[in-house]
Amino acid sequence: MLVYPFSTDLSTRTLRFLAGQLTARHRDIGTRWRRLPVARQALLALAHLRCGDAYAQLAAGFGIGIATVYRYIREAIEVLAALAPTLTEAMKTIRTKAFVILDGTLLPIDRITADTPYYSGKHKRHGMNVQVLTDPFGRLLWASPALPGSTHDLTVARQHGIIDALAAAGLKCWADKAYQGAGRPVRVPFRGPRLKQWKRRHNTTHAKIRCLGERAMATLKGWRLLRKLRCSTNRITDIVKAVLVLHHAPA
């Protein structure tokens, strides 16, 4: 197998952060020796998450077995996921914002047609539904656990308690037509084929505000692993949490 060097747009700050968390993990479980030093394990996990490199590629590049790659990456993801804030914890920051933008995205997965619960009729593909909250500038604040892609955006938001949390905090929220009927805290555009002129103007202004939330989607999809997930659907929530923690990693 040919081995090639790779580069990533992540900073050394991110590498040091993950390496520090893995060092603490190894200390807690009493690890004495590893095939890779902690910094290399952190780099291995970041290469997988950011670049989406397959286990076989990483095994060849780092000179270790595929099974070892799997264990090291899974350990790193579990360590990061444990640091992810819950919605209640994230609301401490979200409450300081003038308003938030709520939107959902589909993370594509490798599934066959028979897997109906994961098929999104809206996107015409299989995936997992993740809800995202952003600040008024489209910066990612929080991402929800993943649910099967066939689940409606409003249903997912309600199941995760997002609507209730926004109402309790008295926060204004901008969202698209999928959240029609969410209640007072969520502002959605008017629907219908023949809208009055003032309603069309309202929808135009609403779209200009809400479209900034697409920046958070680009932030998530910047981690190439999330563009096509081939792992068990039970692990996708932890992967999303790990990405969220790395995005907000302290300097």
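Numbers here simply count residues along the sequence, with the first being 1.
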query = Tell me, do Val100 and Thr134 make a side-chain contact under 4.5 Å, heavy atoms counted?
reply = no
ask   = For the residue pair Gly104 and Asp153, what are the closest heavy atoms and their distance?
value = CA-OD1, 4.1 Å
remark   = So CD of Gln159 and CG of Asn129: to nearest 0.5 Å the spacing works out to 10.0 Å
task = Give a yes or no on whether Phe99 and Leu133 share a hydrophobic cluster (residues Ile, Leu, Val, Met, Phe, Trp, Tyr; joining criterion: side-chain heavy atoms under 4.5 Å apart).
result = no
query = Between Tyr118 and Pro148, is any pair of side-chain heavy atoms under 4.5 Å apart?
reply = yes
request  = Would you give the length of the straight line joining atom OG1 of Thr68 to atom CD of Gln41, rounded to the nearest 0.5 angstrom?
outcome  = 10.5 Å
ask   = In Å, rounded to the nearest 0.5 Å, how long is the span from CG of Leu10 to CG of Leu246?
value = 7.5 Å
inquiry  = So, taking the atom named CD1 in Ile236 and the one named CG in Leu226, what distance separates them when rounded to the nearest 0.5 Å?
reply    = 9.0 Å
ask   = So, for Leu15 and Ala39, which heavy atoms are closest and what is the spacing to 0.1 Å?
value = CD1-O, 3.7 Å
query = Are more than 12 heavy atoms from other residues, nucleotides or ligands located less than 6.0 Å from atom CZ of Arg200?
reply = yes
query = Hey, are the side chains of Glu214 and Asp103 touching, using non-hydrogen atoms and a 4.5 Å cut-off?
reply = yes
inquiry  = Please determine whether residues Leu22 and Leu49 belong to a single hydrophobic cluster, defined as Ile, Leu, Val, Met, Phe, Trp and Tyr linked transitively by side-chain heavy-atom distances below 4.5 Å.
reply    = yes
request  = Please report the closest heavy-atom contact between Leu44 and Leu36, naming both atoms and the distance.
outcome  = CD2-CD1, 4.3 Å
inquiry  = Donor-acceptor pair, distance only, cut-off 3.5 Å: does the side chain of Thr31 make one with the backbone of Arg27?
reply    = no
ask   = Can you check whether Leu147's main-chain N or O pairs, donor with acceptor, with Thr151's side chain at less than 3.5 Å?
value = no
query = Is any side-chain heavy atom of Glu75 less than 4.5 Å from a side-chain heavy atom of Ile29?
reply = yes
message = If you compare all heavy atoms of Leu102 against all heavy atoms of Cys173, which two are closest, and at what distance to 0.1 Å?
response = CB-SG, 3.4 Å
message = Between His248 and Leu140 (side chain of the first, backbone of the second, donor and acceptor by atom type, cut-off under 3.5 Å), is there such a pair?
response = yes
ask   = Say you draw a straight line from CD1 of Ile239 to SG of Cys231; how long is it, rounded to the nearest 0.5 Å?
value = 3.5 Å
ask   = Is Ile77 reachable from Val38 through a run of hydrophobic residues whose side-chain heavy atoms are each under 4.5 Å from the next?
value = yes
ask   = Short question: side chain of Thr86, backbone of Glu89 - any donor-acceptor pair under 3.5 Å?
value = yes
request  = Would you sort out whether Thr205 and Arg201 count as a side chain to side chain donor-acceptor pair (under 3.5 Å), showing the intermediate values?
outcome  = CA-CA 6 Å; Thr205 303; Arg201 287 198 301 267; over 6 Å; no
query = Counting heavy atoms not belonging to Phe190, are there more than 12 under 6.0 Å from its CZ?
reply = yes
ask   = Distance-only, no hydrogens or angles: does the Thr96 side chain make a donor-acceptor pair with backbone N or O of Lys92 under 3.5 Å?
value = no
ask   = Rounded to the nearest 0.5 Å, what separation is found between the CD1 atom of Ile64 and the CG atom of Leu58?
value = 8.0 Å
Beyond-backbone contact of Val240 with Leu107, side-chain heavy atoms, under 4.5 angstrom = yes
key: Under 3.5 Å side-chain donor-acceptor pair for Arg215 and Thr219   = no
ask   = Do you know which two heavy atoms are closest between Arg227 and Gly222, and how far apart they sit?
value = NH2-CA, 4.1 Å
query = Would a 4.5 Å heavy-atom cut-off, applied to side chains only, mark His48 and Asp53 as touching?
reply = no
ask   = Is the backbone of Gln197 close enough, under 3.5 Å, to the side chain of His202 for a donor and an acceptor to pair up by distance?
value = no
remark   = Tightest non-hydrogen contact, residues Pro136 and Leu212, listed as O-CD1, 3.2 Å
inquiry  = Does this structure show an ion pair linking Glu78 with Lys241, if we count only N-O contacts that are shorter than 4.0 Å?
reply    = no
ask   = Is there a donor-acceptor pair closer than 3.5 Å between any side-chain N or O of Arg25 and the backbone N or O of Val79?
value = no
message = Hydrophobic cluster membership, with links at side-chain heavy-atom distances under 4.5 Å among I/L/V/M/F/W/Y: are Leu106 and Trp142 in one?
response = no
message = With a 3.5 Å distance limit and no angle check, can you tell me whether Thr237 reaches the backbone of Pro145 through a side-chain donor-acceptor pair?
response = no
remark   = Those residues at least two apart in sequence (or on a different chain) that pass ring pair (Phe, Tyr, Trp, His ring centres under 6.0 Å) with His152 are none
message = Are Asp110 and Leu229 packed together at the side-chain level, in the sense that at least one heavy-atom pair is separated by less than 4.5 angstrom?
response = no
note = Residue set satisfying salt bridge (Lys or Arg N to Asp or Glu O under 4.0 Å) with Asp28, at least two apart, ordered chain then number -> none
Expected output: side-chain Gln21 to main-chain Leu18 donor-acceptor under 3.5 Å = no
ask   = Can you find a pair of side-chain heavy atoms, one from Asn203 and one from Trp198, that are under 4.5 Å apart?
value = no
message = Using the ring pair (Phe, Tyr, Trp, His ring centres under 6.0 Å) criterion, which residues pair with Trp33? Sequence neighbours excluded.
response = none
inquiry  = Going by side-chain hydrogen bond (donor to acceptor under 3.5 Å, both in side chains), name the pairs with one or both residues in residues 160-183, residues two or more places apart or in two chains.
reply    = Gln131-Tyr179
remark   = With sequence neighbours left out, the residues meeting side-chain contact (heavy atoms from CB on, under 4.5 Å) with Tyr70 are Tyr55, Arg74, Arg235
ask   = Is it the case that one hydrophobic cluster holds both Leu225 and Ile73, taking links as side-chain heavy atoms less than 4.5 Å apart, direct or via other members?
value = yes
message = I'd like to check the salt bridge (Lys or Arg N to Asp or Glu O under 4.0 Å) partners of Arg40; sequence neighbours left out, ordered by chain and number.
response = none
query = Just by modelled atom types, is the Gly121 backbone N or O under 3.5 Å from a matching donor or acceptor in the Lys124 side chain?
reply = yes
